[in-house]
Colleague: 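Have a look at this one before I ask anything.
In the text below, chain A, chain B and the rest are named by the order of the sequence lines, each starting its count at 1. Any value given below was found using the heavy atoms of this structure, including those in side chains, with hydrogens, waters and symmetry copies removed.
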Number of protein chains: 2
Amino acid sequence: MPKYKIIARQMMRKINSDDMKQGDKLASIEELMKYFDVGKNTIIQVLTLLERQGYIYQVRGSGNFVRKHRRHGYINILEANGFQSTLQGFRLGSEMLDLKIIKPNTEVMANLDITAEEDVYYVKRLRSIEGRKFAVERSYYVKDIVPYLNQEIVEESIFRYLMEDLKLKPGFTDHFLRVGKLNQENAELLNLNTGDPTAFLESIYYLENGQPFDYSKVLYHYEETQFFIQGTNNMEL
Amino acid sequence: MPKYKIIARQMMRKINSDDMKQGDKLASIEELMKYFDVGKNTIIQVLTLLERQGYIYQVRGSGNFVRKHRRHGYINILEANGFQSTLQGFRLGSEMLDLKIIKPNTEVMANLDITAEEDVYYVKRLRSIEGRKFAVERSYYVKDIVPYLNQEIVEESIFRYLMEDLKLKPGFTDHFLRVGKLNQENAELLNLNTGDPTAFLESIYYLENGQPFDYSKVLYHYEETQFFIQGTNNMEL
DNA sequence: AAGTGGTCTAGACCACTGT
DNA sequence: CAGTGGTCTAGACCACTTT
(Lines give C-alpha, C1' and ligand atoms only; values in the text may rest on other atoms or scores of the structure.)
Protein backbone atom coordinates (compact mmCIF):
# COMPACT_ATOMS: atom_id res chain seq x y z
CA MET A 1 0.00 0.00 0.00
CA PRO A 2 1.55 3.31 -1.06
CA LYS A 3 2.20 6.03 1.46
CA TYR A 4 -0.40 8.39 0.10
CA LYS A 5 -3.16 5.81 0.56
CA ILE A 6 -2.10 5.00 4.09
CA ILE A 7 -2.09 8.68 4.98
CA ALA A 8 -5.39 9.24 3.19
CA ARG A 9 -7.01 6.40 5.16
CA GLN A 10 -5.79 7.83 8.39
CA MET A 11 -7.09 11.28 7.56
CA MET A 12 -10.43 9.88 6.39
CA ARG A 13 -10.90 8.17 9.74
CA LYS A 14 -10.09 11.41 11.50
CA ILE A 15 -12.52 13.37 9.33
CA ASN A 16 -15.27 10.80 9.78
CA SER A 17 -14.96 10.96 13.52
CA ASP A 18 -17.02 13.43 15.44
CA ASP A 19 -13.95 15.56 16.08
CA MET A 20 -14.41 17.32 12.76
CA LYS A 21 -17.33 19.03 11.13
CA GLN A 22 -18.07 20.77 7.83
CA GLY A 23 -15.79 23.73 7.27
CA ASP A 24 -13.10 22.74 9.76
CA LYS A 25 -9.65 23.58 8.50
CA LEU A 26 -7.03 20.89 8.05
CA ALA A 27 -3.37 21.32 8.89
CA SER A 28 -1.35 23.07 6.18
CA ILE A 29 0.56 21.08 3.57
CA GLU A 30 3.84 21.96 5.18
CA GLU A 31 2.67 20.75 8.57
CA LEU A 32 1.36 17.54 7.03
CA MET A 33 4.70 17.02 5.25
CA LYS A 34 6.53 17.26 8.54
CA TYR A 35 4.01 15.26 10.51
CA PHE A 36 3.96 12.32 8.09
CA ASP A 37 7.57 12.84 7.02
CA VAL A 38 6.91 12.77 3.28
CA GLY A 39 7.41 15.06 0.31
CA LYS A 40 5.02 17.69 -0.90
CA ASN A 41 3.78 15.74 -3.90
CA THR A 42 2.75 12.90 -1.64
CA ILE A 43 0.62 15.19 0.48
CA ILE A 44 -0.83 16.69 -2.70
CA GLN A 45 -1.76 13.18 -3.82
CA VAL A 46 -3.46 12.57 -0.48
CA LEU A 47 -5.44 15.80 -0.68
CA THR A 48 -6.42 15.18 -4.29
CA LEU A 49 -7.73 11.77 -3.30
CA LEU A 50 -9.64 13.11 -0.32
CA GLU A 51 -11.15 15.85 -2.44
CA ARG A 52 -12.18 13.38 -5.10
CA GLN A 53 -13.80 11.14 -2.52
CA GLY A 54 -15.75 14.10 -1.18
CA TYR A 55 -14.02 14.33 2.19
CA ILE A 56 -12.61 17.80 1.77
CA TYR A 57 -12.63 20.82 -0.47
CA GLN A 58 -9.56 22.76 -1.37
CA VAL A 59 -9.36 26.54 -1.41
CA ARG A 60 -6.35 28.02 -3.08
CA GLY A 61 -4.26 30.26 -0.91
CA SER A 62 -6.38 29.51 2.10
CA GLY A 63 -6.42 25.88 3.11
CA ASN A 64 -8.21 22.55 3.00
CA PHE A 65 -11.55 22.15 4.70
CA VAL A 66 -13.73 19.29 5.84
CA ARG A 67 -16.77 18.50 3.73
CA LYS A 68 -19.70 16.70 5.32
CA HIS A 69 -23.29 16.53 4.25
CA ARG A 70 -25.96 16.22 6.82
CA ARG A 71 -28.47 13.77 5.38
CA HIS A 72 -28.57 10.11 6.31
CA GLY A 73 -30.23 7.06 4.84
CA TYR A 74 -29.37 7.93 1.25
CA ILE A 75 -27.75 5.39 -1.04
CA ASN A 76 -24.60 6.71 -2.63
CA ILE A 77 -25.31 5.75 -6.20
CA LEU A 78 -21.64 5.24 -6.94
CA GLU A 79 -21.63 2.59 -4.27
CA ALA A 80 -25.05 1.18 -5.19
CA ASN A 81 -23.44 -2.19 -5.07
CA GLY A 82 -21.55 -2.74 -1.90
CA PHE A 83 -23.86 -0.20 -0.29
CA GLN A 84 -22.75 -1.51 3.01
CA SER A 85 -20.64 1.63 3.29
CA THR A 86 -23.38 4.21 2.80
CA LEU A 87 -26.05 2.24 4.59
CA GLN A 88 -23.88 1.00 7.36
CA GLY A 89 -25.81 0.50 10.51
CA PHE A 90 -28.83 -0.79 8.60
CA ARG A 91 -29.70 -4.47 8.50
CA LEU A 92 -29.55 -5.55 4.86
CA GLY A 93 -30.85 -8.78 3.38
CA SER A 94 -30.85 -10.56 0.02
CA GLU A 95 -33.35 -13.24 -0.91
CA MET A 96 -32.42 -15.30 -3.96
CA LEU A 97 -35.32 -15.70 -6.38
CA ASP A 98 -33.44 -17.28 -9.26
CA LEU A 99 -29.93 -18.40 -10.16
CA LYS A 100 -29.01 -20.09 -13.42
CA ILE A 101 -26.58 -20.21 -16.30
CA ILE A 102 -28.02 -18.95 -19.56
CA LYS A 103 -27.06 -17.69 -23.00
CA PRO A 104 -27.32 -13.92 -23.29
CA ASN A 105 -30.07 -12.17 -25.21
CA THR A 106 -29.30 -9.20 -27.44
CA GLU A 107 -29.55 -6.66 -24.63
CA VAL A 108 -27.16 -8.57 -22.38
CA MET A 109 -24.75 -9.23 -25.25
CA ALA A 110 -24.60 -5.53 -26.04
CA ASN A 111 -24.05 -4.41 -22.48
CA LEU A 112 -21.50 -7.06 -21.56
CA ASP A 113 -19.81 -6.92 -24.95
CA ILE A 114 -19.95 -10.70 -25.46
CA THR A 115 -21.13 -13.10 -28.17
CA ALA A 116 -24.26 -15.25 -28.13
CA GLU A 117 -22.15 -18.31 -27.35
CA GLU A 118 -20.68 -17.14 -24.06
CA ASP A 119 -22.43 -18.26 -20.88
CA VAL A 120 -23.67 -15.83 -18.28
CA TYR A 121 -24.93 -16.29 -14.75
CA TYR A 122 -28.39 -14.86 -14.26
CA VAL A 123 -29.21 -13.83 -10.69
CA LYS A 124 -32.53 -12.47 -9.50
CA ARG A 125 -32.65 -11.15 -5.96
CA LEU A 126 -35.05 -9.39 -3.67
CA ARG A 127 -33.21 -6.98 -1.45
CA SER A 128 -34.40 -5.75 1.89
CA ILE A 129 -33.41 -3.21 4.50
CA GLU A 130 -34.49 -3.60 8.11
CA GLY A 131 -36.80 -6.34 6.90
CA ARG A 132 -38.56 -4.11 4.38
CA LYS A 133 -38.28 -4.98 0.69
CA PHE A 134 -36.67 -2.15 -1.19
CA ALA A 135 -35.39 -3.45 -4.52
CA VAL A 136 -35.60 -6.20 -7.13
CA GLU A 137 -32.31 -6.89 -8.83
CA ARG A 138 -31.63 -8.83 -12.02
CA SER A 139 -27.93 -9.30 -12.75
CA TYR A 140 -25.89 -10.94 -15.45
CA TYR A 141 -22.31 -12.04 -14.82
CA VAL A 142 -19.90 -13.15 -17.54
CA LYS A 143 -19.15 -16.77 -16.68
CA ASP A 144 -15.63 -16.62 -18.10
CA ILE A 145 -14.83 -14.08 -15.39
CA VAL A 146 -17.14 -15.31 -12.64
CA PRO A 147 -16.93 -19.08 -13.04
CA TYR A 148 -19.00 -20.05 -10.01
CA LEU A 149 -21.87 -18.73 -7.93
CA ASN A 150 -24.16 -20.41 -5.44
CA GLN A 151 -27.03 -19.49 -3.16
CA GLU A 152 -24.82 -18.77 -0.21
CA ILE A 153 -22.68 -16.29 -2.13
CA VAL A 154 -25.68 -14.68 -3.73
CA GLU A 155 -27.49 -14.16 -0.43
CA GLU A 156 -24.37 -12.76 1.13
CA SER A 157 -22.44 -10.13 -0.82
CA ILE A 158 -21.59 -11.03 -4.40
CA PHE A 159 -19.15 -8.15 -4.66
CA ARG A 160 -17.24 -9.16 -1.58
CA TYR A 161 -16.93 -12.67 -3.06
CA LEU A 162 -15.71 -11.30 -6.40
CA MET A 163 -13.13 -9.07 -4.84
CA GLU A 164 -11.89 -11.08 -1.90
CA ASP A 165 -12.23 -14.66 -3.09
CA LEU A 166 -11.91 -14.35 -6.87
CA LYS A 167 -9.49 -11.42 -6.50
CA LEU A 168 -11.21 -9.51 -9.27
CA LYS A 169 -10.20 -5.88 -9.54
CA PRO A 170 -13.14 -3.61 -10.31
CA GLY A 171 -12.32 -0.65 -12.48
CA PHE A 172 -15.06 1.74 -13.48
CA THR A 173 -18.84 1.79 -13.81
CA ASP A 174 -21.60 3.23 -15.97
CA HIS A 175 -24.99 3.86 -14.38
CA PHE A 176 -28.20 4.67 -16.25
CA LEU A 177 -31.21 5.77 -14.27
CA ARG A 178 -34.80 6.18 -15.36
CA VAL A 179 -38.12 6.58 -13.64
CA GLY A 180 -41.16 4.58 -14.64
CA LYS A 181 -44.22 2.62 -13.59
CA LEU A 182 -44.08 -0.84 -12.07
CA ASN A 183 -45.57 -3.75 -13.96
CA GLN A 184 -47.57 -6.37 -12.12
CA GLU A 185 -44.74 -8.83 -11.51
CA ASN A 186 -42.38 -6.31 -9.98
CA ALA A 187 -45.12 -4.54 -8.07
CA GLU A 188 -46.04 -7.80 -6.37
CA LEU A 189 -42.44 -8.49 -5.44
CA LEU A 190 -42.15 -5.09 -3.79
CA ASN A 191 -45.61 -5.17 -2.19
CA LEU A 192 -46.69 -2.21 -4.29
CA ASN A 193 -49.42 -1.62 -6.82
CA THR A 194 -49.13 -1.96 -10.57
CA GLY A 195 -48.41 1.48 -12.00
CA ASP A 196 -46.66 2.78 -8.89
CA PRO A 197 -43.47 4.77 -9.49
CA THR A 198 -40.07 3.15 -9.43
CA ALA A 199 -36.44 4.08 -9.97
CA PHE A 200 -34.90 1.84 -12.60
CA LEU A 201 -31.13 1.68 -12.41
CA GLU A 202 -29.00 -0.13 -14.96
CA SER A 203 -25.34 -0.55 -14.11
CA ILE A 204 -22.43 -1.96 -16.05
CA TYR A 205 -19.36 -2.88 -14.03
CA TYR A 206 -15.98 -3.12 -15.71
CA LEU A 207 -12.77 -4.73 -14.56
CA GLU A 208 -9.62 -2.70 -14.19
CA ASN A 209 -8.65 -3.75 -17.70
CA GLY A 210 -11.83 -2.38 -19.22
CA GLN A 211 -13.74 -5.63 -19.63
CA PRO A 212 -17.38 -5.60 -18.54
CA PHE A 213 -18.27 -8.43 -16.17
CA ASP A 214 -21.59 -7.46 -14.58
CA TYR A 215 -24.75 -5.97 -16.03
CA SER A 216 -27.39 -5.25 -13.40
CA LYS A 217 -30.94 -3.96 -13.60
CA VAL A 218 -32.45 -2.86 -10.33
CA LEU A 219 -35.95 -1.62 -9.60
CA TYR A 220 -36.20 0.36 -6.37
CA HIS A 221 -39.16 0.78 -4.06
CA TYR A 222 -39.99 4.46 -4.37
CA GLU A 223 -40.87 4.91 -0.73
CA GLU A 224 -37.83 3.13 0.63
CA THR A 225 -35.03 4.58 -1.42
CA GLN A 226 -33.33 7.83 -2.01
CA PHE A 227 -30.04 8.42 -3.72
CA PHE A 228 -27.12 10.65 -3.06
CA ILE A 229 -24.62 11.79 -5.67
CA GLN A 230 -21.62 13.85 -4.73
CA GLY A 231 -20.19 16.28 -7.25
CA THR A 232 -16.62 17.43 -6.97
CA ASN A 233 -14.96 20.43 -8.46
CA ASN A 234 -15.07 20.14 -12.21
CA MET A 235 -12.72 23.05 -12.73
CA GLU A 236 -12.77 24.97 -15.94
CA LEU A 237 -11.81 22.91 -18.90
CA MET B 1 -4.20 28.05 -17.81
CA PRO B 2 -1.70 25.45 -16.58
CA LYS B 3 -0.01 23.13 -18.99
CA TYR B 4 -1.76 20.02 -17.80
CA LYS B 5 -5.17 21.54 -18.48
CA ILE B 6 -4.18 22.66 -21.95
CA ILE B 7 -2.88 19.22 -22.79
CA ALA B 8 -5.92 17.57 -21.22
CA ARG B 9 -8.24 19.71 -23.35
CA GLN B 10 -6.38 18.82 -26.47
CA MET B 11 -6.51 15.11 -25.69
CA MET B 12 -10.19 15.31 -24.77
CA ARG B 13 -10.97 16.78 -28.17
CA LYS B 14 -8.99 14.01 -29.80
CA ILE B 15 -10.78 11.33 -27.80
CA ASN B 16 -14.18 12.84 -28.48
CA SER B 17 -13.56 12.83 -32.20
CA ASP B 18 -14.54 9.83 -34.24
CA ASP B 19 -10.89 8.86 -34.61
CA MET B 20 -11.00 7.02 -31.31
CA LYS B 21 -13.29 4.41 -29.86
CA GLN B 22 -13.64 2.50 -26.59
CA GLY B 23 -10.56 0.46 -25.83
CA ASP B 24 -8.17 2.32 -28.14
CA LYS B 25 -4.74 2.67 -26.61
CA LEU B 26 -3.20 6.06 -26.01
CA ALA B 27 0.45 6.88 -26.59
CA SER B 28 2.74 5.90 -23.71
CA ILE B 29 3.65 8.39 -21.01
CA GLU B 30 7.17 8.68 -22.37
CA GLU B 31 5.90 9.46 -25.83
CA LEU B 32 3.48 12.03 -24.45
CA MET B 33 6.31 13.63 -22.46
CA LYS B 34 8.36 14.05 -25.61
CA TYR B 35 5.45 15.12 -27.78
CA PHE B 36 4.25 17.84 -25.41
CA ASP B 37 7.74 18.57 -24.08
CA VAL B 38 6.81 18.38 -20.41
CA GLY B 39 7.85 16.35 -17.38
CA LYS B 40 6.41 13.07 -16.29
CA ASN B 41 4.37 14.44 -13.41
CA THR B 42 2.61 16.81 -15.76
CA ILE B 43 1.53 13.95 -18.00
CA ILE B 44 0.43 12.01 -14.93
CA GLN B 45 -1.68 15.00 -13.92
CA VAL B 46 -3.24 15.03 -17.38
CA LEU B 47 -4.04 11.32 -17.27
CA THR B 48 -5.44 11.55 -13.74
CA LEU B 49 -7.73 14.33 -14.87
CA LEU B 50 -8.86 12.45 -17.97
CA GLU B 51 -9.52 9.35 -15.90
CA ARG B 52 -11.50 11.31 -13.37
CA GLN B 53 -13.58 12.88 -16.10
CA GLY B 54 -14.33 9.47 -17.53
CA TYR B 55 -12.39 9.86 -20.76
CA ILE B 56 -9.93 7.05 -20.20
CA TYR B 57 -9.12 4.17 -17.92
CA GLN B 58 -5.65 3.34 -16.77
CA VAL B 59 -4.20 -0.14 -16.66
CA ARG B 60 -0.99 -0.51 -14.75
CA GLY B 61 1.89 -1.91 -16.72
CA SER B 62 -0.15 -1.90 -19.88
CA GLY B 63 -1.31 1.53 -20.95
CA ASN B 64 -4.12 4.04 -21.03
CA PHE B 65 -7.28 3.32 -22.97
CA VAL B 66 -10.21 5.29 -24.31
CA ARG B 67 -13.48 5.02 -22.44
CA LYS B 68 -16.71 5.78 -24.26
CA HIS B 69 -20.22 4.73 -23.44
CA ARG B 70 -22.65 4.16 -26.19
CA ARG B 71 -25.91 5.66 -24.99
CA HIS B 72 -27.14 9.09 -25.99
CA GLY B 73 -29.81 11.41 -24.67
CA TYR B 74 -28.98 10.83 -21.02
CA ILE B 75 -28.48 13.73 -18.63
CA ASN B 76 -25.20 13.49 -16.80
CA ILE B 77 -26.45 14.12 -13.31
CA LEU B 78 -23.22 15.80 -12.31
CA GLU B 79 -23.87 18.35 -15.00
CA ALA B 80 -27.63 18.54 -14.37
CA ASN B 81 -27.22 22.25 -14.36
CA GLY B 82 -25.32 23.44 -17.36
CA PHE B 83 -26.55 20.30 -19.09
CA GLN B 84 -25.69 21.94 -22.34
CA SER B 85 -22.67 19.71 -22.41
CA THR B 86 -24.41 16.35 -22.12
CA LEU B 87 -27.43 17.33 -24.15
CA GLN B 88 -25.58 19.27 -26.77
CA GLY B 89 -27.35 19.14 -30.08
CA PHE B 90 -30.75 19.34 -28.41
CA ARG B 91 -32.77 22.52 -28.42
CA LEU B 92 -33.29 23.55 -24.80
CA GLY B 93 -35.71 26.14 -23.45
CA SER B 94 -36.55 27.77 -20.13
CA GLU B 95 -39.86 29.47 -19.41
CA MET B 96 -39.91 31.68 -16.34
CA LEU B 97 -42.95 31.05 -14.14
CA ASP B 98 -41.93 33.13 -11.16
CA LEU B 99 -39.08 35.34 -9.98
CA LYS B 100 -39.02 37.19 -6.69
CA ILE B 101 -36.99 38.07 -3.64
CA ILE B 102 -38.18 36.36 -0.48
CA LYS B 103 -37.13 35.44 3.03
CA PRO B 104 -36.13 31.79 3.34
CA ASN B 105 -38.28 29.20 5.08
CA THR B 106 -36.74 26.62 7.39
CA GLU B 107 -35.93 24.19 4.60
CA VAL B 108 -34.14 26.81 2.53
CA MET B 109 -32.31 28.18 5.55
CA ALA B 110 -31.00 24.72 6.39
CA ASN B 111 -29.85 23.90 2.90
CA LEU B 112 -28.26 27.26 2.15
CA ASP B 113 -26.89 27.65 5.66
CA ILE B 114 -28.31 31.16 6.13
CA THR B 115 -30.40 32.99 8.69
CA ALA B 116 -34.05 33.98 8.39
CA GLU B 117 -33.02 37.59 7.73
CA GLU B 118 -31.01 37.01 4.58
CA ASP B 119 -32.78 37.55 1.27
CA VAL B 120 -32.95 34.86 -1.39
CA TYR B 121 -34.03 34.95 -5.01
CA TYR B 122 -36.75 32.44 -5.76
CA VAL B 123 -36.93 31.26 -9.35
CA LYS B 124 -39.51 28.88 -10.80
CA ARG B 125 -38.91 27.65 -14.31
CA LEU B 126 -40.40 25.22 -16.76
CA ARG B 127 -37.70 23.59 -18.79
CA SER B 128 -38.17 22.07 -22.22
CA ILE B 129 -36.19 20.04 -24.69
CA GLU B 130 -37.05 20.12 -28.37
CA GLY B 131 -40.22 21.93 -27.40
CA ARG B 132 -41.33 19.20 -25.00
CA LYS B 133 -41.64 20.06 -21.32
CA PHE B 134 -39.34 17.90 -19.26
CA ALA B 135 -38.84 19.50 -15.87
CA VAL B 136 -40.14 21.99 -13.31
CA GLU B 137 -37.40 23.72 -11.36
CA ARG B 138 -37.64 25.72 -8.17
CA SER B 139 -34.38 27.38 -7.17
CA TYR B 140 -33.22 29.57 -4.32
CA TYR B 141 -30.15 31.80 -4.69
CA VAL B 142 -28.48 33.60 -1.81
CA LYS B 143 -28.91 37.28 -2.65
CA ASP B 144 -25.64 38.28 -0.97
CA ILE B 145 -23.85 36.19 -3.57
CA VAL B 146 -26.22 36.63 -6.51
CA PRO B 147 -27.29 40.25 -6.13
CA TYR B 148 -29.34 40.51 -9.32
CA LEU B 149 -31.45 38.35 -11.60
CA ASN B 150 -33.98 39.22 -14.29
CA GLN B 151 -36.20 37.42 -16.76
CA GLU B 152 -33.64 37.53 -19.55
CA ILE B 153 -30.96 35.87 -17.44
CA VAL B 154 -33.37 33.32 -16.04
CA GLU B 155 -34.66 32.29 -19.46
CA GLU B 156 -31.13 32.02 -20.76
CA SER B 157 -28.60 30.16 -18.65
CA ILE B 158 -28.38 31.24 -15.03
CA PHE B 159 -25.15 29.33 -14.55
CA ARG B 160 -23.45 30.97 -17.49
CA TYR B 161 -24.42 34.34 -16.03
CA LEU B 162 -23.09 33.41 -12.60
CA MET B 163 -19.80 32.18 -13.92
CA GLU B 164 -19.09 34.54 -16.78
CA ASP B 165 -20.67 37.78 -15.65
CA LEU B 166 -20.54 37.53 -11.87
CA LYS B 167 -17.29 35.58 -12.01
CA LEU B 168 -18.48 33.16 -9.36
CA LYS B 169 -16.37 30.07 -9.01
CA PRO B 170 -18.45 26.95 -8.41
CA GLY B 171 -16.85 24.38 -6.19
CA PHE B 172 -18.70 21.20 -5.37
CA THR B 173 -22.26 19.90 -5.29
CA ASP B 174 -24.54 17.60 -3.32
CA HIS B 175 -27.41 15.90 -5.15
CA PHE B 176 -30.29 14.05 -3.50
CA LEU B 177 -32.62 12.05 -5.69
CA ARG B 178 -35.95 10.46 -4.88
CA VAL B 179 -38.82 9.01 -6.85
CA GLY B 180 -42.41 9.90 -6.13
CA LYS B 181 -45.84 10.74 -7.42
CA LEU B 182 -46.74 14.08 -8.98
CA ASN B 183 -49.25 16.32 -7.25
CA GLN B 184 -51.84 18.16 -9.28
CA GLU B 185 -49.95 21.42 -9.70
CA ASN B 186 -46.78 19.83 -10.99
CA ALA B 187 -48.61 17.28 -13.10
CA GLU B 188 -50.43 20.08 -14.91
CA LEU B 189 -47.19 21.92 -15.56
CA LEU B 190 -45.67 18.83 -17.15
CA ASN B 191 -48.84 17.79 -19.01
CA LEU B 192 -49.03 14.61 -16.96
CA ASN B 193 -51.62 13.11 -14.64
CA THR B 194 -51.73 13.48 -10.89
CA GLY B 195 -50.02 10.45 -9.37
CA ASP B 196 -47.73 9.84 -12.32
CA PRO B 197 -44.11 9.02 -11.43
CA THR B 198 -41.43 11.66 -11.26
CA ALA B 199 -37.77 11.97 -10.42
CA PHE B 200 -37.25 14.56 -7.71
CA LEU B 201 -33.74 15.95 -7.60
CA GLU B 202 -32.54 18.33 -4.91
CA SER B 203 -29.16 19.95 -5.50
CA ILE B 204 -27.03 22.21 -3.36
CA TYR B 205 -24.31 24.12 -5.17
CA TYR B 206 -21.34 25.45 -3.24
CA LEU B 207 -18.76 28.05 -4.17
CA GLU B 208 -15.10 27.18 -4.27
CA ASN B 209 -14.79 28.46 -0.72
CA GLY B 210 -17.44 26.07 0.56
CA GLN B 211 -20.34 28.52 0.82
CA PRO B 212 -23.68 27.28 -0.57
CA PHE B 213 -25.27 29.71 -3.01
CA ASP B 214 -27.97 27.71 -4.84
CA TYR B 215 -30.56 25.23 -3.60
CA SER B 216 -32.59 23.73 -6.42
CA LYS B 217 -35.51 21.33 -6.47
CA VAL B 218 -36.33 19.83 -9.83
CA LEU B 219 -39.17 17.51 -10.83
CA TYR B 220 -38.48 15.61 -14.02
CA HIS B 221 -40.96 14.27 -16.56
CA TYR B 222 -40.55 10.52 -16.26
CA GLU B 223 -40.95 9.86 -19.97
CA GLU B 224 -38.57 12.55 -21.11
CA THR B 225 -35.63 12.08 -18.82
CA GLN B 226 -33.00 9.57 -18.06
CA PHE B 227 -29.84 10.06 -16.10
CA PHE B 228 -26.30 8.94 -16.50
CA ILE B 229 -23.76 8.65 -13.71
CA GLN B 230 -20.19 7.70 -14.40
CA GLY B 231 -18.21 5.88 -11.75
CA THR B 232 -14.45 5.98 -11.77
CA ASN B 233 -12.00 3.71 -10.12
CA ASN B 234 -12.46 3.89 -6.38
CA MET B 235 -9.32 1.92 -5.68
CA GLU B 236 -8.94 0.03 -2.45
CA LEU B 237 -8.93 2.27 0.54
C1' DA C 1 4.33 40.85 3.33
C1' DA C 2 3.47 36.33 5.05
C1' DG C 3 1.08 32.16 4.60
C1' DT C 4 -0.64 28.66 1.82
C1' DG C 5 -1.84 26.04 -2.14
C1' DG C 6 -0.71 24.86 -7.30
C1' DT C 7 2.32 23.68 -11.04
C1' DC C 8 6.40 21.80 -12.87
C1' DT C 9 10.97 19.50 -13.45
C1' DA C 10 14.52 15.80 -13.22
C1' DG C 11 15.58 11.82 -11.60
C1' DA C 12 15.32 7.52 -8.73
C1' DC C 13 13.17 3.40 -7.87
C1' DC C 14 9.22 0.17 -7.59
C1' DA C 15 5.30 -2.82 -9.54
C1' DC C 16 2.87 -4.77 -12.96
C1' DT C 17 1.87 -6.70 -17.93
C1' DG C 18 3.06 -8.92 -21.82
C1' DT C 19 6.04 -11.59 -24.79
C1' DC D 1 13.32 -9.20 -19.76
C1' DA D 2 11.52 -5.12 -21.91
C1' DG D 3 7.90 -1.91 -21.76
C1' DT D 4 4.97 0.82 -19.19
C1' DG D 5 2.71 2.87 -15.42
C1' DG D 6 2.96 4.32 -10.19
C1' DT D 7 5.16 6.44 -6.29
C1' DC D 8 8.22 9.56 -4.20
C1' DT D 9 11.68 13.28 -3.34
C1' DA D 10 13.76 17.97 -3.32
C1' DG D 11 13.56 22.08 -4.93
C1' DA D 12 12.07 26.08 -7.84
C1' DC D 13 8.71 29.23 -8.91
C1' DC D 14 3.93 30.98 -9.44
C1' DA D 15 -0.89 32.42 -7.81
C1' DC D 16 -4.07 33.38 -4.53
C1' DT D 17 -5.82 34.75 0.30
C1' DT D 18 -5.28 36.86 4.47
C1' DT D 19 -3.65 40.20 7.68
Side-chain angles (χ1 to χ4, degrees), chain A residues 1-9 11 23-52 55-67 167-172 207-211 232-237, chain B residues 1-9 11 23-52 55-67 167-172 207-211 232-237:
Chain A
M1 174 98 63
K3 287 187 188 178
Y4 79 95
K5 282 191 186 178
I6 295 171
I7 297 173
R9 272 193 180 197
M11 293 181 66
D24 280 0
K25 190 170 176 178
L26 267 55
S28 74
I29 290 185
E30 204 159 348
E31 288 169 324
L32 293 171
M33 283 169 65
K34 281 178 194 154
Y35 180 76
F36 290 109
D37 192 30
V38 295
K40 182 169 180 179
N41 274 347
T42 304
I43 294 296
I44 297 276
Q45 270 188 97
V46 171
L47 296 173
T48 304
L49 181 55
L50 292 179
E51 200 247 347
R52 181 181 151 154
Y55 282 79
I56 62 166
Y57 56 93
Q58 303 172 271
V59 184
R60 186 180 194 128
S62 176
N64 296 285
F65 302 86
V66 170
R67 177 175 174 192
K167 308 284 185 208
L168 295 185
K169 292 175 196 161
F172 50 96
L207 294 178
E208 217 177 31
N209 67 9
Q211 191 177 0
T232 50
N233 198 336
N234 276 315
M235 41 195 67
E236 314 126 52
L237 285 169
Chain B
M1 175 100 61
K3 286 188 189 179
Y4 79 95
K5 282 191 186 178
I6 295 171
I7 297 172
R9 273 193 180 197
M11 293 181 66
D24 280 1
K25 190 171 177 178
L26 266 55
S28 74
I29 290 185
E30 204 158 349
E31 288 169 323
L32 292 171
M33 284 169 65
K34 282 177 193 153
Y35 181 76
F36 290 109
D37 192 29
V38 295
K40 183 171 179 177
N41 273 348
T42 304
I43 294 297
I44 297 275
Q45 270 188 96
V46 171
L47 296 173
T48 303
L49 182 55
L50 292 178
E51 200 247 346
R52 182 180 150 154
Y55 282 78
I56 62 165
Y57 57 93
Q58 302 172 270
V59 184
R60 185 179 195 131
S62 177
N64 296 285
F65 302 87
V66 171
R67 176 174 174 193
K167 308 284 184 206
L168 294 186
K169 293 176 195 158
F172 50 96
L207 294 179
E208 219 178 29
N209 67 8
Q211 190 177 2
T232 52
N233 198 336
N234 276 316
M235 41 196 68
E236 314 125 51
L237 286 169

Colleague: Please pick, from dG6(D), dC8(C), dT4(D), the nucleotide with the shortest atom-to-atom distance to any side-chain atom of P2(B).
Modeller: dC8(C)
Colleague: Closest to the R60(A) side chain: dT4(C), dT17(D), dC16(D)?
Modeller: dC16(D)
Colleague: Counting only side-chain heavy atoms from C-beta out, which of dC8(C), dG6(C), dT17(C) sits nearest to K169(A)?
Modeller: dT17(C)
Colleague: Please find the pair of heavy atoms, one from R52(A) and one from T232(A), that lie closest to each other, and give the distance.
Modeller: O-CG2, 3.8 Å
Colleague: Side-chain N or O of N41(A) versus OP1/OP2 of dT7(D): is the shortest distance under 4.0 Å?
Modeller: no
Colleague: Indicate, with a heavy-atom threshold strictly under 4.0 Å, whether K40(B) touches base, sugar-phosphate, or nothing.
Modeller: base
Colleague: Rounded to whole Å, please give me the gap between CD1 in I44(B) and C1' in dT7(C).
Modeller: 15 Å
Colleague: What heavy-atom pair brings V59(B) and N209(A) nearest, and what distance separates the two atoms?
Modeller: CG2-CA, 3.8 Å
Colleague: Between T48(B) and Q45(B), is there a side-chain donor-acceptor contact under 3.5 Å, judged purely by atom types and distance?
Modeller: no
Colleague: What does G39(B) touch in the nucleic acid at a heavy-atom separation under 4.0 angstrom: a base, only the sugar-phosphate, or nothing?
Modeller: sugar-phosphate
Colleague: Counting only side-chain nitrogens and oxygens, does K3(A) get under 4.0 Å of the OP1 or OP2 atom of dT9(D)?
Modeller: yes
Colleague: In terms of the nearest nucleotide of DNA chain D, which residue is placed more toward the 5' end: G61(A) or I43(A)?
Modeller: I43(A)
Colleague: Distance check: side-chain N/O of T42(A) vs OP1/OP2 of dT9(D), anything under 4.0 Å?
Modeller: yes
Colleague: Do the side chains of R9(A) and M1(A) get nearer than 4.5 Å, heavy atoms only?
Modeller: yes
Colleague: Can you tell which of dG5(D), dC8(C), dC8(D) lies closest to the side chain of Y4(A)?
Modeller: dC8(D)
Colleague: Taking atom P of dG6(D) as reference, at what distance in whole Å does atom CG of L32(B) sit?
Modeller: 12 Å
Colleague: If I take atom NZ in residue K5(B) and atom C1' in nucleotide dC8(C), what distance separates them, rounded to the nearest angstrom?
Modeller: 15 Å
Colleague: Just compare dT18(D), dG6(D), dT7(C) and give me whichever is closest to any side-chain atom of Q58(B).
Modeller: dG6(D)
